[in-house]
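The analysis underlying the following values was restricted to heavy atoms, covering all of them including side chains, and did not include hydrogens, waters or symmetry mates. Counting convention: from 1, in listed order, for ligands and their atoms alike.
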Amino acid sequence: MAKIRIYQLAKELGMHNDELLKLLDEMGVAYKSHASTLEDSTAETVKELIGEQRVAEAARRAEEARKAIPHRPPVVVIMGHVDHGKTSLLDYLRKSRIAEKEAGGITQHVGAFEVKTPGGTVVFIDTPGHEAFTTIRARGAKVADIAVIVIAASEGVMPQTKEAIAHAQAAGAKIIFAANKIDLPNADINKVYTDLMQLGIVPVAYGGDYEVIPISARTGQGIDSLLETILLTAELEDLRADPKAEAQGVILEARVDKQAGVLASLLVQQGTLHVGDYVVAGEHWGKLKAMSDSEGTRRSEAGPGSAVQVLGFSELPVAGDTFNWVPDQIAAKEITEERIAERKSLETRPNDGGRARNLADLM
Ligand code: GTP
Ligand code: MG
């Protein structure tokens, strides 16, 4: 291989001659001028060094760009065995944090709600109300950052506790355990610990990684500590979302209200939704006529981590589906019509029923 001259190598690497000469000085390589030739091994070393520098620079820029994106509230799903106190925990959080507004008598069921704490906002999702949540997980959409698994300390781990753990793990959510009902005389926190350890889950109290916070949804005991653990976990996760991106999120729930029409609960994951925006979700689209939050307050916009109820879908969107902002009605119609046509063509494909169904499931 012909030896390479300094200016040739500089050109090849897209550098100025001076830059390369400086690097060679730093490397202690002797040369007369930029027309001098370099040993093959020297040229190779230069290429490697420059490559490494560029990778490091790109990583630094990417990190800078990431840090420029603001933090977003954590999304926390509450799961657990039947009657272990999930809704009671949520009720306690609601009463203690948003009781003033609720005193007006207008409690709107949004499916998910934002709780303002001194340490920041947290978005909670109650699972029992949301059969849809299974769909969300099945589609791999990572809606929840954190799963709070409620275990009644009077009963310990039960079948649906295990199922909840499996779901949370599959969804890649961080798990925090809330050992509830510790106000009851038969509450046994040690049984909760040993039950969990039998599943290979080692609580912090036993030197493991899993927080098990004793709480009472009835008396409120330990709930501040649970909130603190949630906020700390969220902080470590360094959750961020760009409020200026095109709005995107998940349909949590949808129902028809006799008077209002189709009401959908949305979780905004990135970007900002505005009243008047067009969105598509699966095969359905809507123009957002009105938005309200979990306190029933009307909102004109909803940024990342907002859980809002919206009016404006003409047909029921499917819970668990992703929604996306689109610029106008033409785009909304085109996209949904395309999706419908695609599904129909898969459904009518001869001798391919099973596969078509599976493919449709994946859409
Ligand atoms: P599903 O949604 O049906 O799965 O139940 P859940 O987990 O939401 O339980 P829920 O909050 O409805 O509570 C079930 C029962 O336990 C209710 O009678 C609550 O009053 C009671 N309960 C919940 N938390 C506590 C608690 O901390 N202490 C006591 N003593 N009772 C509680
Ligand atoms: Mg419940």
Exercise for the section: Check whether any N or O atom of G85, backbone or side chain, sits under 3.5 Å from an N or O atom of ligand 1, and answer yes or no. Expected result: yes
Handout entry: Any N or O of I215 closer than 3.5 Å to N or O of ligand 1
Key = no
Number the atoms of ligand 1 from 1 as they appear, then name those within less than 4.0 Å of a heavy atom of [X], with their elements.
X    : result
S88  : 10 (P), 11 (O), 13 (O), 19 (C), 23 (C), 24 (N)
L184 : 30 (N)
T87  : 2 (O), 6 (P), 8 (O), 11 (O)
H84  : 7 (O), 9 (O)

Exercise for the section: Could you identify which residues cluster with V326, counting Ile, Leu, Val, Met, Phe, Trp and Tyr as linked when any side-chain heavy atoms lie under 4.5 Å apart, either directly or through a chain of such contacts? Expected result: Y278, V280, W285, I335
Handout entry: Metal proximity, S88 vs the Mg ion (ligand 2), N/O/S cut-off 2.8 Å
Key = no
Fill in the blank from the handout: Tightest non-hydrogen contact, residues T272 and G303, listed as OG1-CA, 3.9 Å
Fill in the blank from the handout: For V262 and F313, the nearest pair of non-hydrogen atoms, with its separation, is CB-O, 3.3 Å
Sidechain N-carboxylate O distance under 4.0 Å for [X], [Y]:
X    : Y    : result
R72  : D242 : no
E235 : K174 : no
D238 : R240 : yes

Ligand 1-proximal atoms of [X], by part, heavy-atom distance under 4.0 Å:
X    : value
V82  : both
N180 : side chain
D83  : both

Exercise for the section: Sort out for me which residue in R61, R60, R66 forms a salt bridge (Lys or Arg N to Asp or Glu O under 4.0 Å) with E64. Expected result: R60
